[in-house]
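Let me begin by presenting the structure, written as structure tokens, before commenting on it.
Every chain is numbered from 1 and lettered A, B, ... according to where its sequence line falls, protein lines coming before strand lines.
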Amino acid sequence: MCVLFTSLNLYCEVHHIRMDSKYASVGVGNNLKSNGLKRKHAVENIKVKKIKLSNDNVNKTNNVKVETNGHDNIKESKVVKETVQDLQEARRQLPVYMVRNRLLEEIKKNDTMILIGETGSGKTTQIPQLIHEQRLEGAGTIAVTQPRRVAAITIAMRVAAEMNTDIGSIVGYSVRFEDVTSPRTKVKYLTDGMLLREAILDPLLKKYSIIVLDEAHERTVSTDVLFGIVKLAQKERADKKLNPLKIIIMSATMDVDTFRKYFHNCPVIYLEGRTFPVTIYHSKMKQDDYQYAAVCTIFQLHATTPANHDFLVFLTGQEEIETVMYNIKQIAKEATGPPIRVCPLYAGLPAAKQLQVWREAPPGTRKIILATNIAEASVTIPRIKCVIDTGVVKERTWSGGTGAERLAVRAGSQAAGWQRAGRAGRTQPGAAYRLFTADDFRSRPLHQTPEILRCPLASTLLLLIAAGAEPSTFPLIDTPPPDSVKASLTLLKELGAIDSEVNPKLTVIGKKMSTFPIEPKYSKVLLSAPEYNCLDEMLSLIAVLSSENVFHTPMHKREEAIKVKQKFLSPLGDHITLLNVFKAFCKAPLKKQWCKENYLNHKNLTYACEVRQQLLAICHKLNLTVSSCGQAYDQVLKCLLCGLFTNCAWQRGGAAGGAGVAGRYVTAAGAAAALHPASALHAARPAPPVLLYTELLSTSRTYMLTVSAIQPQWLHQVAPEYARRCRANR
DNA sequence: GAGCACTGC
């Protein structure tokens with residue numbers, strides 16, 4: 001253990017930076033170019049400005065609560081008034097508010113503009129309000145998109161409070177499962193995915209006169225597609241002399257050239273922000289083992305900083321977090337310094353355990369949070385003084401060829417580095433320790449590869465075609481690899497959603513498929529279900545498959561978790577097992593407690609219930625007959641095959657291979673794949689000759705996840721044409 | 001016989 005402390009002096013200080021701006025507050029275009037020195041200075045700081053405003057939101061909800069409670073009685077209305085005044089005062093302090101007149105002039109003048117705003121500039125809450133105060137939206141509505149639902153909801157609540165109005169009236173929000181708007185709504189916050197759904201019904205988005213696409217630098221698939229949708233809508237509305245559309249792109253990035261070029265060299269406006277200085281330290285030398293380096297750094301800092309300094313450590317995943325947590329606890333027993341409380345934080349962690357992160361540690365105790373990327377932008381943790389950045393991220397990519405996704409640990413981008421560092425400067429000055437050298441940092445890409453270049457495209461393409469677009473000419477900032485597009489179009493054709501891969505049009509089935517907010521493979525399953533008399537079962541199964549993993553398996557209680565899982569297991573495979581879990585969950589009276597006892601994720605199962613309701617409503621609209629096949633699970637699996645027929649795998653060397661080659665399969669695309677050890681079929685002997693898998697994921701090997709055994713002849717019955725081609729290729 | 005980063009409809 002002493003070894004850990006030999007490499008104490010890992011760091012050299014690189015720079016001490018303020019996270020707020022050195023720019024002229026509002027300026028169009030080239031205010032970076034005044035002179036060489038200033039420019040260099042500015043460029044140094046540019047990199048620091050990648051911290052997002054929406055992160056403020058979680059903190060701000062408190063005010064909203066006071067306000068809503070205040071409606072209940074007169075005594076508290078005083079509190080409300082003060083709060084409203086406080087809110088107004090806070091507004092006036094924001095950098096955006098101070099330059100509002102210049103800003104409004106620019107907004108009036110330009111049809112399209114890009115707004116670069118740093119954290120704390122107030123752009124997301126203030127700009128829609130300023131526009132509305134001037135009634136620039138006219139008879140239309142202002143739409144403001146966000147990549148995350150929590151952000152859309154909390155910002156809308158904040159803005160409603162600032163405008164002293166009820167949420168859902170003038171100010172509203174729209175996210176999946178929840179539409180809090182009315183015909184009076186003029187400022188509407190919504191997730192980018194929701195606006196995209198609206199574009200299927202009206203590709204010109206005519207009810208909006210101003211569309212603000214916020215957090216554009218995150219480059220989610222939805223925002224990327226929306227760029228194209230609004231660009232085309234703006235042009236077509238102008239051509240047809242309809243009401244004009246004003247587009248405002250808001251971003252935290254400094255790499256605006258790509259955006260600007262895409263939007264016909266539109267003006268770019270910079271807004272300063274207001275955060276605290278963060279000192280950045282880089283490792284002097286290359287660290288071969290970042291987990292080890294992280295633990296060293298934690299105890300180095302632990303011995304030298306006051307106990308009330310909370311640490312935030314960025315790691316890649318659950319397993320790593322659990323390992324590091326174990327190591328910290330072991331070392332802490334003998335280390336000097338204040339007592340330690342370690343809090344894990346990752347998306348798969350049950351909500352109750354996540355909450356530990358926001359509980360203040362007892363005085364004199366050090367809090368160390370071990371988090372995945374979830375802490376980078378999705379959640380904000382107050383009082384973080386030190387960030388420890390391992391510099392790695394777990395990234396999912398996809399290759400159309402085999403249909404397999406790859407999950408791999410990679411070096412993060414520079415943008416991610418600044419984003420992570422910024423988490424230390426939210427409420428006070430802080431420090432960020434990077435477990436890699438300054439040279440390493442400079443050699444990294446400025447941004448992560450946009451999602452649209454590395455994800456399956458079938459659902460995006462189906463949506464585009466449903467919105468009347470032609471995939472081959474649709475304007476995207478970054479063009480996905482042709483192979484990916486081809487593979488996804490082929491799949492849509494095989495599913496019967498489109499008539500042709502060239503200049504595709506929706507078929508009748510395709511039109512129905514596009515109304516479901518799920519993967520095309522899954523919507524095909526639902527549409528096939530009445531034929532197999534099992535829509536009731538399929539709604540449940542598809543809802544669970546569309547949600548995150550419902551099993552929670554902590555490392556230290558693995559054996560017990562696996563044992564408890566036994567009672568749900570079906571010899572037919574994982575799909576029926578999941579169905580058993582979902583049915584049992586629906587029947588359980590005390591769901592939270594029941595989930596805890598059964599090592600299941602309550603949040604994800606509840607989410608699946610909501611998805612099921614939504615899917616059921618769509619099925620009703622489409623006049624589909626909802627019936628149950630009872631225990632005839634063959635029907636369920638055959639029906640599943642109707643959408644997932646491209647996901648079959650055959651045992652190598654045929655069934656005769658026997659137990660010796662269990663787990664060795666080859667997919668229809670010819671890729672070698674193994675049964676994932678967590679599968680219900682992993683221990684099945686003899687190993688099933690033909691499998692139907694839900695997902696193909698490459699980690700250390702290529703694994704089939706969520707798998708059922710099927711009869712070889714089913715494929716011929718369900719998808720004869722595909723089966724013939726498959727046979728020819730095998 | 002190995003572990004699923006994070007969003008979203």
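The CD atom of A:Glu405 sits 9.5 Å away from the OG atom of A:Ser399 when rounded to the nearest 0.5 Å.
At the phosphate of B:dC6, OP1 or OP2 sits under 4.0 Å from a side-chain N or O atom of A:Thr372. At the phosphate of B:dC9, neither OP1 nor OP2 sits under 4.0 Å from any side-chain N or O atom of A:Ser546. When the side-chain nitrogen and oxygen atoms of A:His552 are compared with OP1 and OP2 of B:dC4, none of them lie within a distance under 4.0 Å.
The two residues A:Leu492 and A:Leu462 come nearest to each other via the heavy atoms CD1-N, 3.9 Å. Here the closest non-hydrogen pair linking A:Leu605 and A:Cys595 is CD1-SG, 4.0 Å.
Among the protein residues, A:Glu548 comes within range of the nucleic acid bases, having at least one heavy atom under 4.0 Å from a base atom. Using a 4.0 Å heavy-atom distance criterion, A:Tyr703 is classed as a sugar-phosphate-only contact. Residue contacts for A:Ser459: at a heavy-atom cut-off of 4.0 Å it reaches no nucleic acid atom on any strand shown. No contact: A:Leu196 has no heavy atom under 4.0 Å from any strand. Heavy atoms of A:Thr220 sit nowhere under 4.0 angstrom from any nucleic acid atom. Among the heavy atoms of the strands, none lies under 4.0 Å from A:Val221.
Rounded to an integer number of Å, the gap from CG of A:Asn604 to C1' of B:dT7 is 13 Å. Rounded to an integer number of Å, the gap from A:Leu681 CG to B:dA2 C1' is 16 Å. Atoms CG (A:Asp224) and C1' (B:dT7) sit 14 Å apart, rounded to a whole Å. In this structure, CG of A:Asn373 is placed 8 Å from P of B:dC6, rounded to the nearest angstrom. Nucleotide B:dA2 holds its P atom 18 Å from the CG atom of A:Asn549, rounded to whole Å. Here B:dG8 presents its P atom at 11 Å from CD of A:Glu451, a figure rounded to the nearest Å. Atom OH in A:Tyr346 sits about 10 Å away from atom P in B:dC6, given to the nearest Å. We find that CD of A:Glu405 is positioned 11 Å from C1' of B:dC4, with the value rounded to whole Å.
Annotation: cation-pi pair A:Lys565/A:Phe551 present, NZ/CZ under 6.0 Å from the ring centroid and within 45° of its normal.
The side chain of A:Met194 lies closest to B:dC9, out of B:dC4, B:dC9, B:dA2. Listed nucleotides B:dA2, B:dG1, B:dG8 differ in distance to A:Arg148; the shortest reach to its side chain belongs to B:dG8. For A:Arg149, whose side chain is taken as the heavy atoms from C-beta onward, the closest listed nucleotide among B:dC9, B:dC4, B:dA5 is B:dC9. Which of B:dC9, B:dC4, B:dC6 sits closest to the side chain of A:Arg197 comes down to B:dC9.
The pair A:Arg148-A:Glu218 meets the salt-bridge criterion, since a charged nitrogen lies less than 4.0 angstrom from a carboxylate oxygen.
Closest-nucleotide positions on DNA chain B for A:Pro677 and A:Asp192 were compared, and the one nearer the 5' end corresponds to A:Pro677. Residue order along DNA chain B, read from the 5' end via each residue's closest nucleotide, puts A:Gln448 first among A:Gln448 and A:Tyr607.
Aromatic ring centroids of A:Tyr703 and A:Tyr665 lie 6.0 Å or more apart.
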